[in-house]
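Worksheet for the structure shown next.
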Amino acid sequence: MTLSLNTKFLGNSITNEDLKNISNEVYAAQAKLNARNGEGSDFLGWIDLPENYDKEEFARIKAAAKRIQDSCDIFVVIGIGGSYLGARAAIEFVKSPVYNNIPNKKTPDIYFAGNSISASALNDLLKICEGKDVCINVVSKSGTTTEPAVAFRVFRNLLEEKYGKEGAKDRIFSTTDRAKGTLKKFSDENGYETFVVPDDVGGRFSVLTAVGLLPIAVAGIDIDAMMKGAQDARKAYANADIENNDCLKYVAIRNVLYRQGKSVEILAAYEPAAQMLCEWWKQLFGESEGKDGKGIFPSSVIFSTDLHSLGQFIQDGTRIMFETVLDIKNANDELPIPYDPANVDKLNFLAGKDLDYVNHTAMLGTLFAHSDGNVPNVVLELENRSEYSFGYLVYFFELACAISGYTLGVNPFNQPGVESYKKNMFALLGKEGYEDLAQELNKRITK
């Protein structure tokens, strides 16, 4: 199995009776998703995407990736939230968290911009681009989201000054709406090649669309294998049987724990390469479930690093959390620990052992400690860090998130709360049409 669920470390938190009692609710949520008659049903294009994706656009993505690889030293992906997290997660997970520093690679360095409003971060990236050939991919459904729109202005100016407007157009790629919106119109007018953000796929579910696939392909990752992983996951989790469907069982477990007062879920991984995967997972579940006064708060840790900072709290702190542990069974690398004749650190008992073996032993020790400390742990055993495994895992989490949201009783596909800060920011910055709100907010500031 590419991915399997290990429940041995749940302790006494969940019984078979608990799973049986919630199973009908999970089945009903799954049926609602399959029937496409629940809230947010306009955003279910991701369900069939692994099989019914646009084959012509897929071929264009691979062709564009090859041109980008051949023409630039640095590829800048401009987007925020789901417009960049999935791609960055895939590149770091499959390739390396230090991908840009890998020597002699035949693909460009890939940087991500437009995910903050930090002048320092943008200036630092501009300095990195000095004297380099640069291509950019701006990812935005509308083209008017503040963070990526500002970054796009900056990098568009950079390219036009360096290559001229005509030369720049061949280095700018837009991933946006199929037919409408500011960015689509601007891209067509300027001759940029465009790719589609599907109308029926929300940003946090868009990893396997052009949103994620173009940057992933530029990094030299096999996107055919990634899609095959997602296809096989879709088939594996289609049945309605909690005992034989690990995705449904995961949904059931997390919802039982939530009803027991476990309101925080920590995704724990033992590889730094999974850090951005954790960030993508946090958006997926946080934006999907956190509404109507409900939801499990998604957090993440990279062990054993965070055992030296958060381990104490997890072990002995407030009992409001459970852990989902990502166990990558086969590491990409081997590194035997050398023998030291002086044995200064008293670690010669580890000499000759592979570091990955030690890492897995640390994981087992932590699982025993945390479960003994009454922190339920569910383990997701993933075969490796391949393209196929990444696609499989992405689909597992997307499906689990959707079914879990319906089980929780919320619309997993909207994000009404995200708009509040935008309105306030626009008002305070003086955007036309927000005058009344600006007046109200300024009164509150001066109180």
Side-chain angles (χ1 to χ4, degrees), residues 65 69 73-116 118 121 124-125 128-129 137 139 207 211-223 225-226 229 266-284 298-310 324-335 354-360 362-363 366 380 382-394 397:
Q69 290 168 349
D73 306 304
I74 292 176
F75 183 53
V76 180
V77 182
I78 299 171
I80 195 167
S83 295
Y84 91 99
L85 279 172
R88 187 169 177 184
I91 293 166
E92 295 197 8
F93 188 82
V94 175
K95 289 290 187 177
S96 170
V98 290
Y99 163 84
N100 287 342
N101 301 108
I102 295 174
N104 304 317
K105 66 180 185 295
K106 296 180 180 179
T107 51
D109 292 349
I110 301 176
Y111 290 93
F112 294 87
N115 47 60
S116 75
S118 166
D124 287 344
L125 183 50
I128 291 170
C129 291
N137 174 209
V139 186
V207 188
V211 171
L213 292 178
L214 179 58
I216 291 169
V218 170
I221 292 171
D222 184 349
I223 59 175
M226 191 171 288
I266 300 174
L267 182 61
Y270 283 74
E271 287 289 344
Q275 185 165 354
M276 291 308 300
L277 174 69
C278 292
E279 294 301 314
W280 169 79
W281 175 87
K282 285 192 286 190
Q283 186 199 2
L284 178 68
S299 183
S300 66
V301 290
I302 298 295
F303 289 154
S304 63
T305 304
D306 288 327
L307 287 173
H308 296 262
S309 58
L310 296 173
T324 295
V325 179
L326 182 60
D327 175 16
I328 302 168
K329 303 303 290 184
N330 300 302
N332 287 7
D333 299 290
E334 295 180 354
L335 183 62
D354 191 80
L355 196 57
D356 187 60
Y357 167 78
V358 177
N359 196 26
H360 271 85
M363 182 195 72
T366 306
L380 294 174
L382 185 68
E383 185 175 359
N384 53 35
R385 283 172 45 202
S386 67
E387 294 96 330
Y388 179 90
S389 291
F390 182 86
Y392 201 103
L393 182 63
V394 161
F397 277 137

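All of these numbers come straight from a predicted model, not from anything done at the bench.
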Taking the side chain as everything from C-beta on, heavy atoms only, tell me whether [X] gets closer than 4.5 Å to [Y].
X	Y	answer
N330	E383	yes
V139	V77	yes
M226	I221	yes
L307	S304	yes
I91	I110	yes
L382	K329	no
M363	D327	yes

Verdict with reasoning, R385 to I328, per side-chain contact (heavy atoms from CB on, under 4.5 Å): CA-CA 7 Å; R385 283 172 45 202; I328 302 168; 3.9 Å; yes
If you round to the nearest 0.5 Å, how far is [atom2] of [Y] from [atom1] of [X]?
X	Y	atom1	atom2	value
Y270	H360	OH	NE2	10.0 Å
M276	F112	CE	CZ	8.0 Å
K282	S299	NZ	OG	5.5 Å
I266	L310	CD1	CG	7.5 Å
I74	N100	CD1	CG	8.0 Å
F303	T305	CZ	OG1	9.5 Å

Say whether, by atom type as modelled, one donor and one acceptor occur between the side chain of [X] and the main chain of [Y] under 3.5 angstrom.
X	Y	answer
S386	S389	yes
N137	I78	no
D306	S309	no

Can you tell me if CD on Q275 sees more than 12 non-hydrogen neighbours from other groups inside 6.0 Å?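 12 or below, so no.
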Test log, rule side-chain contact (heavy atoms from CB on, under 4.5 Å), inputs F75 and Y111: CA-CA 6 Å; F75 183 53; Y111 290 93; over 6 Å; no
Check against side-chain contact (heavy atoms from CB on, under 4.5 Å), D73 and D109: CA-CA 6 Å; D73 306 304; D109 292 349; over 6 Å; no
What orientation do F93 and F390 show, parallel under 30°, tilted 30 to 60°, or perpendicular over 60°?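 It falls in the tilted class, 30° to 60°.
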Apply side-chain contact (heavy atoms from CB on, under 4.5 Å) to F397 and L284, showing your working. CA-CA 8 Å; F397 277 137; L284 178 68; 3.9 Å; yes
